[in-house]
Amino acid sequence: MTTGAAPQRKTDIGPPNFRNFLPPVISKNYGKWQYHETLKPGVLVHVAESGDKLFTVRAGTPRLLSIQTIRELCDLADKYCGGYVRFTSRHNIEFLLTDPAKIEPLIAEIRAKGFPVGGTANSISSIVHTQGWIHCHTAATDASGIVKAVMDELIEHFTHMKLPAKIRLALACCLNMCGAVHCSDIAILGIHRRPPKVEDRLPKVCEIPNVVASCPTAAIRPKKVDGKDTVEIIDEKCMFCGNCFTVCPALPINNALNDGCSIWVGGKVSNARSAPAFSKLAVPFLPNNPPRWPEVVDAVKNIVEVWAGDARKYERIGEWIDRIGWPQFFKKTGIPFTKQHIDDFRHAELTWQRSMHFKA
Ligand code: SF4
Ligand code: SF4
């Protein structure tokens with residue numbers, strides 16, 4: 001019989017402990033940082049209680065990276081940062097340095113490779129986005145293509161910090177929302193506007209009970225057509241989420257004419273000055289118009305410019321709207337108010353307060 005604790009089992013399942021990848025200066029000062037400052041667009045300094053300083057150089061990335069690009073970025077990290085580099089939750093890349101003399105040469109090399117340096121403080125950070133037509137089957141719109149077109153137009157706000165406050169942009173190519181569209185200052189959300197089609201091959205390629213169970217709103221029910229088992233979709237119950245298509249390829253939801261983008265505004269994760277907030281609908285539908293999506297680019301740019309010209313210092317888009325009110329938001333931006341802005345989702349009543357009692 002053996003005694004004592006079993007040795008730690010090594011496995012490749014699950015993420016490795018992040019502490020194994022921290023730069024030595026962060027490990028040494030973990031939890032003991034005093035303050036940080038933005039030295040200039042794209043450059044931060046964090047100062048520890050011990051007096052140690054950590055410099056960060058932030059650059060934008062295209063989010064979907066080739067192996068060659070990753071190797072180039074890693075070569076830079078090896079050359080300047082002892083091999084330490086990190087990605088932020090919005091796909092910026094951050095090079096972490098302790099020697100301030102290396103900041104300018106590093107910035108010069110990053111720029112020479114075509115990456116913009118910036119995205120800090122009162123600027124637009126990289127747009128967090130999802131897979132789009134490159135990868136995902138449910139996509140109602142593209143991701144990388146729109147993001148490239150939008151950022152080409154707004155790049156000055158990435159490399160400068162002249163906005164009233166920071167803006168976080170997000171894109172998700174369907175309402176399943178692998179991006180952070182629910183909590184971003186401006187969010188582009190791909191939407192389907194028609195229920196899936198039921199193809200004749202469905203009984204041959206899909207398990208009907210699984211298909212019925214896949215629908216979160218119970219919009220799918222079994223049906224017999226010409227004596228064969230299949231399903232039908234109740235249009236009024238369908239919210240065009242595409243979950244059933246994930247389970248069954250015989251329920252295609254993509255539709256060139258009726259798929260497109262909506263724009264949402266006013267969300268944020270931060271609890272600085274005001275509580276975190278969900279994004280709310282601003283533009284219900286814009287068409288997919290590749291390769292440059294001019295309607296979506298114009299809509300985003302318009303909101304940024306109107307907000308930048310009207311907001312108070314440090315007032316994020318949601319806080320600005322809270323101050324001026326939604327009627328003024330629609331008036332100032334020139335966005336028409338439509339019936340889609342009224343929340344009539346069939347489960348909405350479950351969230352309404354329907355009594356005179358105050359909630360504790
Ligand atoms: Fe796929 Fe939707 Fe995620 Fe886009 S947001 S990657 S379409 S599940
Ligand atoms: Fe149900 Fe979504 Fe399929 Fe509509 S798209 S039938 S809501 S699973």
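Whatever order the structure lists ligands and atoms in, that order sets their numbers, starting from 1. As a basis for the values below, the full set of heavy atoms in this structure was taken, side chains included, without hydrogen atoms, waters or symmetry mates. Just so it is clear, the structure is predicted and the values come from calculations on it, not from any experiment.
Judged by the shortest distance from any of its heavy atoms, P216 lies inside the 4.0 Å radius around the atoms of ligand 2. Proximity of P195 to ligand 2 is not established, as no heavy-atom distance is less than 4.0 Å.
The closest protein non-hydrogen atom to atom 2 (Fe) of ligand 2 is C241 SG, 2.4 Å. The nearest protein atom to atom 4 (Fe) of ligand 1, hydrogens excluded, is given as C173 SG, 2.3 Å; this is a heavy-atom distance. The protein atom (non-hydrogen) at minimum distance from atom 5 (S) of ligand 2 is G242 N, 3.2 Å. The protein heavy atom nearest to atom 7 (S) of ligand 2 is M239 N, 3.3 Å. Nearest to atom 1 (Fe) of ligand 2 among the protein's heavy atoms is C215 SG, 2.3 Å.
Between E156 and K301 there is no salt bridge, since no side-chain N of the basic residue sits under 4.0 Å from a carboxylate O of the acidic one. Residues R312 and E319 are not paired through a salt bridge, judged by the lack of any N-O separation under 4.0 Å between the basic side chain and the carboxylate. Ion pairing between a basic and an acidic side chain is recognised when a charged N comes within 4.0 Å of a carboxylate O; K79 and D75 show no such pairing. Note on D229 versus K224: salt bridge recorded, some NZ/NE/NH1/NH2 to OD/OE distance being below 4.0 Å.
Between the side chains of T338 and Q340, a donor-acceptor pair is found at a separation under 3.5 Å. Checked by atom type, the side-chain pair T159/R111 shows no donor-acceptor distance below 3.5 Å. Side-chain polar atoms of N288 and T141 form a donor-acceptor pair below 3.5 angstrom. Side-chain contact check for N302 and T333: no donor-acceptor pair (N or O, by modelled atom type) lies under 3.5 Å.
Residue Q131 has at least one heavy-atom neighbour below 4.0 Å for each of these atoms of ligand 1: 6 (S). Using a 4.0 Å cut-off to heavy atoms of C178, the atoms of ligand 1 that qualify are 3 (Fe), 5 (S), 6 (S), 8 (S). Proximity to T217 (heavy-atom distance under 4.0 Å) selects the following atoms of ligand 2: 7 (S). Close contacts between ligand 1 and A139 involve ligand atoms 7 (S) [criterion: under 4.0 Å to a heavy atom]. In summary, the atoms of ligand 1 found under 4.0 Å from a heavy atom of T130, numbered by their order in the structure, are 4 (Fe), 5 (S), 6 (S). Listed by atom number, the atoms of ligand 2 under 4.0 Å from P196 heavy atoms are 3 (Fe), 5 (S).
Counting heavy atoms closer than 4.0 Å to ligand 2, residue I220 contributes side-chain atoms (C-beta onward) but none from N, CA, C or O. The residue H137 has no part lying near ligand 1, judged by heavy-atom distances below 4.0 Å.
Rounded to the nearest 0.5 angstrom, N243 CG and L251 CG are separated by 11.5 Å. Within the model, atoms CD1 of I263 and OG of S279 stand 11.5 Å from one another, a figure rounded to the nearest 0.5 Å.
For R201, the CZ atom counts as densely surrounded, since its 6.0 Å shell holds more than 12 non-hydrogen atoms of other residues, nucleotides or ligands.
Taking backbone and side chain together, C238 holds no N, O or S atom under 2.8 Å from atom 2 (Fe) of ligand 2. Using a cut-off of 2.8 Å, one finds that C136 contributes an N/O/S atom close to atom 1 (Fe) of ligand 1. Look at C244 and atom 3 (Fe) of ligand 2: an N/O/S atom of the residue is under 2.8 Å from the metal.
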